[in-house]
Amino acid sequence: SAPGGGSGDGAGQTSLTMFHWAGAQGEVPKKIGDAYAAANNIKISYIEGTNADTFPKLVSSVQINAQNPLLNLGFFNGQSFANGETTNLWLPVPDSVANVAKVLPDYRIASGHGAYMVMDAMGLIYNKEAFPTPPTSWAQLFDAKYKGKVTTWDAPAFGVNALPVIAKLNGGSESNLQPGIDVFAAAAKAGQFNGFISSLDQLRQQLIAGEVVIAPGFQGVAEPWIKAGDPIGFAVPTEGVMAFPEGFQIVNGSTEAQVTASAALMNQMFDPGNVSAYCAATGTIPLVEGATLGADYADRPSFQLSTVEAAIKLDYPALVAATEAATKSWNDQVKANI
Amino acid sequence: MTALVKALRWAWITACAVFITAPLLIVLVASVSTDHVLTGWPSGFTLEWIRTALSYEPFQVGFLYSIEVAALATVIALALGVPAAYAIARLDLPGTGLLRSIFVAPLSLPRVVTGFSFFVLYVSLMPTAYGTVGGVALAHVLLLLPFVISVVGSGLAGLDPQLEAAARDLGATPWRAFRQVTLPQIRLSLVIAAVFGFLTSFDEVDTSVFLMPAGTTTLPVAIFLRLEQNQDPTTSAVSSLMIAGSLLLAGLTAVALRRSGLFGTGRNEQKEQA
Amino acid sequence: MTASASSIEISGVTRRFGAATVLHGISLTIAANSFHCLLGPSGCGKTTLMHLLAGLDVPDEGTIVIGGTEHTRTPAHRRPTNLVFQSGALFPHMSVRDNVAFGLRSDGLKGPALRTRVDESLELVAMGEFAGRMPATLSGGQRQRIAIARALVKRPDVLLLDEPLSALDLALQLHMRRELKRWQQETGTTFVCVTHNQAEAMEIADEISVMRAGTIEQTGSAQELYAAPETRFVAGFIGENNIFTGPGPVIDGITFPTPAADGQVLTLRPEHLRLVEAGSDDSRGGVRVDTVGFTGRTIRAGLRTGTGRELLAELPAGTPLTPGAEVGLAFDAGHVYAVPS
Amino acid sequence: MTASASSIEISGVTRRFGAATVLHGISLTIAANSFHCLLGPSGCGKTTLMHLLAGLDVPDEGTIVIGGTEHTRTPAHRRPTNLVFQSGALFPHMSVRDNVAFGLRSDGLKGPALRTRVDESLELVAMGEFAGRMPATLSGGQRQRIAIARALVKRPDVLLLDEPLSALDLALQLHMRRELKRWQQETGTTFVCVTHNQAEAMEIADEISVMRAGTIEQTGSAQELYAAPETRFVAGFIGENNIFTGPGPVIDGITFPTPAADGQVLTLRPEHLRLVEAGSDDSRGGVRVDTVGFTGRTIRAGLRTGTGRELLAELPAGTPLTPGAEVGLAFDAGHVYAVPS
Amino acid sequence: MRSRRLATVLVAPGTAYLILVFVSIVALLFSYSARSERTAALVAPVDWATWQNVLTDAYTWQVLTTTVLLGLVVSVLTVLVAYPLAWCVHTMRRPWQATTMLFVIFSPILVSVVVRTYGWAMLLRENGPFGSLFDGWLYHQPGVIVALVHVELPFAVFPILAAIRSVPPELGRAAADLGAGPLRRFLRVQLPLTMPGVLSGIQLVFALTISAFATPALLGGGRVTVLAQTIYQSIQQLQWPTAAAQAVLLLILALLVLTLFTGLARLVSGGRAAR
Ligand SMILES: Nc1ncnc2c1ncn2[C@@H]1O[C@H](COP(=O)(O)OP(=O)(O)OP(=O)(O)O)[C@@H](O)[C@H]1O
Ligand SMILES: Nc1ncnc2c1ncn2[C@@H]1O[C@H](COP(=O)(O)OP(=O)(O)OP(=O)(O)O)[C@@H](O)[C@H]1O
Ligand SMILES: [Mg+2]
Ligand SMILES: [Mg+2]
């Protein structure tokens, strides 16, 4: 069969390929998709995966054959949004997706390519024993008190390793990450880092064991750990969390029928009720008006609209453009000294 | 054997056994401990993770899919690799050393590269192969061939070529001579190559990720995706189940092979003369 | 117990290993139903020739015709031949019985018929009770006998034997010679047998070929080779011989009744030498007794002429001899043969 | 070229493989400086005994003393012995030269001294020009010679040879026998040599032990064994013999001058038989000529008595004989020996 | 000659696959690496800029050096552990002991790599079961090496074991008889004759090590970066040309070292290993 959804309506039936994230993050999209497929005689296949693996696959499939993308509709993060923009990967969201009008104004995409639906908040994850009172500032990552007990992600995962945040707080920006790199480099030289991590379970293990006491991390990731009773906490720094928006994109090269179906499906996804369900399942914060937090999160300050509004928002296109050069500097100045 | 040699021998065996099993024991303990993340002595015993692993649907589906892929890939790799290893080892081909290196070289490509390249090749040249069991298996063959060529090749190197000549002289076709005289003598190498190959294919993530169609995953990919989401001992439990399952399988195989003498008689008889 | 006998015609067969030519255009015809022995010094190419006949190797030049059909390039398993390997080449992973049964199984034989044939063949080499043993636990002679049984049991048209009895004691050798001869006559098989044992060749063979450095020097019956060797090499190789080179009539201090013609040497068999008192009338020259050995029936004396040449004499048992003694050498003129050198 | 010669004392040595006992409490003393041959049928335990002497195997019972020192359990590399393996056991990955040099290098020898010794040893076995070859490219006899050279070059106190000449042609065998004997006498080494060739043993050995099924039947000089065998087995094994079992005086249709005592058998060597006209005065019984073979010097005739017993006669060359002829058997009374059965 | 033809027929299917697949991949990688345009399309204008960048990038060379050194260290260490272990297993008298040990040696490859490294992280931790014995190993080079040796041990033990089993015991005895002590017997007879197995083991381990991604990533703590990681990053960044050039570079080096091993093995074994 063809790699993607293909034009695939030989039998008169439209077939659609949708990409969602793994585990709990796939449950709601899949449920909505199945219901939609059943109701509209559409065949939907699902690609379950991570952004890191699926995005390159998608891009190369389109580069090889622009008429036959690997998938038609997918859930992506801000970085992929920006990345796809540069490779002409996305279609504008059709007008028929009326629900995108409900997305918070701060999180709308100017080009109209895709729409953010939820965001995760990146703040500070910490070991409760080392922090009887939660940390309050991003600067505590570099506090000499925690020498050798800090970690973060290695390059080029700058969307999640706090480099852009630190750069911005030190007078830099997404397109000028050097101030941040300087801070990291100094810290690396001083032996601040226990090492860099490359998987979440590694982070969890190190935090529990106390090898690491503080690290930048997502609320959505920490939530299940906290629920499981780990001695772990999530803190919102006074400078604000970093917003990590996530949403849907329709892929260029899909057939008209596929675009139509994708649009209809996407509209359902952005229905405030469905967004609420998604947030409840994944511990993320809705970016769609009318969506409500689940009972679990309703009274948690870090999930409130205020957090969203105070969040540090990244200029993803700028960050993506700067990544290659920043990676080089990171390797030379930070990694070399760790 | 002198007492010193005996002592050294047992010391080495014990040291190696400890070295090999220590990290695996931790995995085993973690998979039956109540702790989500083991950091010290387990705080309690539970079969919860094992149960979760057994009942998690992507694991079940992935397991069967993985078995299919691994079995197919192993069979193809053996069919392609054994004759090649035989020819390289036995017949006077020029440049055999380089040939062997070339057959092993694909193993040194990072799996992402292999996976990505296969993805590109399939999508652009062989769309029908993409996302099929055969397509994934065919890609895995590239990783399995080195085991077959290398291990079987080294097994063949020690054999006396005159024996096959004797078999042919007695009326055996080259194929029969190979099957009845050469194969039994390199049985150990074949089994090893097959097991290496099977497990490598079974455990392959990066290549598979690029080649799996929508809606399917192999077991290791399913494990990988689950780890992205849940960082709990369920994945350790899968490994524990793998060890237990293989132990069972190995036990059965050993019993079967003992009758045909792989670990048994032949060697011991030779040794008695020593 | 019959097999269609086959003659063998070898024409111009040459075999090279790298730069070395091991067989130089050998031509030889072996009659069907006959027992042919190949005799020659170590390294002269006997095994190489056997492998060519068996189809385990292909000649660089020349043809091999067996039973009227050309077989130069026929692979081993399609030839009507079987070879007893010089090295035995027993399958180490099979029991003695399975080794012997291997060839028959290749032909599709099974069940009691197979078993009978195998047992019969094992009995023939007196190894019946070893059927269940693995080759690694056998002695050298036992292994060799299994190798014979394994080839015999196939009842080929042509049986090739490469030094089949070299590891056996004399009693067993004699027994096996008789058995092989009997088998050959009963089945009408053509036997080609490499041996370094001249007694064996002479006892068993209808015809003998003497090889030397990749060529065949002479082919003929035992008597012919013994009595009328065509070359000096054959004269020296078939039986033992003392060979005298030089114009004569006095060579190495020994006076011969007839001088050697140009390009000829004189030969004298050890059993035709007598020792007499030094300087006596009979004496044709003085020699010193070097070594004295006892063979049972005769005494073998190593002699040394004044010029340092070594001679061998085979004397009746009981001849009194002491090493170091100076004696005279005597012989009848009729026992001196001249052959091309 | 000297080595401290060593005597060997073997006492009560037993060796078992699983349930089978291969050596049954063997005791044997071999004098220092002597050339001792072990003779015995295939599978009687000769190789096993050699391995025990070389330290490649350890007896289950008994002791081995070499040169006055107990060596029963000394590992092979610390014994003053070297073994020429029956199978050769050449190192396949080393050239001929490196094979021969291996033992000397183990002793730390290097440079020109090493080279001289190796070359000398290769010359001794006439393999000098093969020094650079790999064993796989050698013929059977060439391999055997390298095995000899490899052990000889070490100049051990005790040299053990397991059928060292079995793959060589007679001319080379004779040459090698002389060389070995010379070497043994010059260096004063103790040689223990397994052979199935009685002629070889008789020519070369100071003393011979006849083995049978894991025991030693008799030890003595060649003459002793030939003339006065102590057992029927030795009588039949040393040289060829016709053995008559039964109360006598008429056995198998042959009339003997003296009857055999209880527990004895009568022996008659083949060379002591004559064939006469059937029914003539000389004839002591009628036989049929079965086979006629020519050995060069003599004719070997296979005979069959009226009762079907096979006899062997060795007759002067030229005796006219046709297979199938009925003839009379004659012999001198003095040639009949009685030995324990 | 006949055997030549047979050889060709036998090598053909495997080689055909290798040519179809491996050569296509190498050609593809090469084509990717010779373009500056970031497209995965099969054809694109040739441009050597990427090669220039990669070859002049000090960081790439540093990572490449780390990768190859890690490969060498791990493969040598693995063989050093594996050889005696294989011998120990070979000399085990009771079949059940040997079978058990064989299973133990096999067991690491039954455990998924992530889980296995988790086990190692637990073991090597400062407050782990061995206390401070392995201080500074975790998230540093030694930890990566230990974990790699662990998982690649079976790939060395089994070929070596198969080779040891195929050496006629008589040869060792002959060497002993000629006065060679245990060490000499090993170096001059046993080792050369088992060299095909050692070669096979060291080649497999080396190839597996330099392509390893997860173990260095998880246990290297960012301090041990191998080329596989860099390539992975380049792919995630959609920098196909860079990834391809790095992969080709790694492949060339791998081939070089693999062939070097063959030559070394031939040297040790006096010409037999490659047969
Ligand atoms: N593969 C080879 N490469 C080079 N020379 C070889 C090869 N095989 C055999 N020879 C040489 O060819 C010659 C003949 O060998 P062959 O084995 O036929 O001798 P042979 O007559 O059987 O001797 P023997 O009685 O000692 O067994 C020998 O000199 C041997 O060294
Ligand atoms: N490992 C073993 N297991 C069982 N039996 C064995 C083993 N090795 C040897 N034998 C038996 O021991 C007996 C003596 O063997 P050995 O090799 O010493 O005989 P030999 O006298 O050298 O005979 P040959 O002249 O045939 O070489 C033989 O019957 C042989 O089958
Ligand atoms: Mg030969
Ligand atoms: Mg023997």
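Note that the structure is predicted; figures quoted are calculated from it, not measured. So that the names make sense, note that chain A is the first sequence line, chain B the second, and so on, each numbered from 1.
For a residue to count as touching a neighbouring chain, one of its non-hydrogen atoms must lie under 4.5 Å from one of that chain's; by this rule D:Gln142 touches chain C with backbone and side chain alike. For D:Leu174, the part lying under 4.5 angstrom from a heavy atom of chain C is the side chain only.
Side-chain contact between D:Thr137 and C:Phe17 is absent, with no heavy-atom pair separated by less than 4.5 Å. Within the 4.5 Å cutoff, no side-chain heavy atoms of D:Ile299 are placed close to those of C:Gln223.
Across C:Leu168, C:Leu172, C:Asn197, the residue that shares the most heavy-atom pairs under 4.5 angstrom with chain D is C:Leu168. With respect to chain C, the highest number of heavy-atom pairs below 4.5 Å among D:Ala222, D:Ala171, D:Pro41, D:Ala20 belongs to D:Pro41. Ranked by heavy-atom pairs under 4.5 Å with chain D, the list C:Ala167, C:Gly40, C:Gly141, C:Gly43 is led by C:Ala167. Counting heavy-atom pairs under 4.5 Å between each of C:Arg145, C:Gln173, C:Gln144, C:Arg269 and chain D puts C:Arg145 at the top.
Here C:Glu200 pairs with C:Arg177 under the salt bridge (charged side-chain N to carboxylate O under 4.0 Å, His left out) rule; sequence neighbours left out. C:Glu310 is linked by a salt bridge (charged side-chain N to carboxylate O under 4.0 Å, His left out) to C:Arg304, D:Arg178, counting only residues two or more places apart in sequence or in another chain.
The structure places CZ of C:Arg182 at 12.5 Å from OG1 of D:Thr291, a figure rounded to the nearest 0.5 Å. One distance of note links OG of D:Ser42 with CG of C:Leu138; it measures 9.0 Å at 0.5 Å rounding.
A donor-acceptor pair under 3.5 Å links the side-chain atoms of C:His196 to the main chain of D:Ser166, judged by distance alone.
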Inset, instruction - Show your reasoning for whether side-chain contact (heavy atoms from CB on, under 4.5 Å) applies to C:Ser139 and D:Thr47. - result: CA-CA 8 Å; C:Ser139 79; D:Thr47 298; 5.8 Å; no

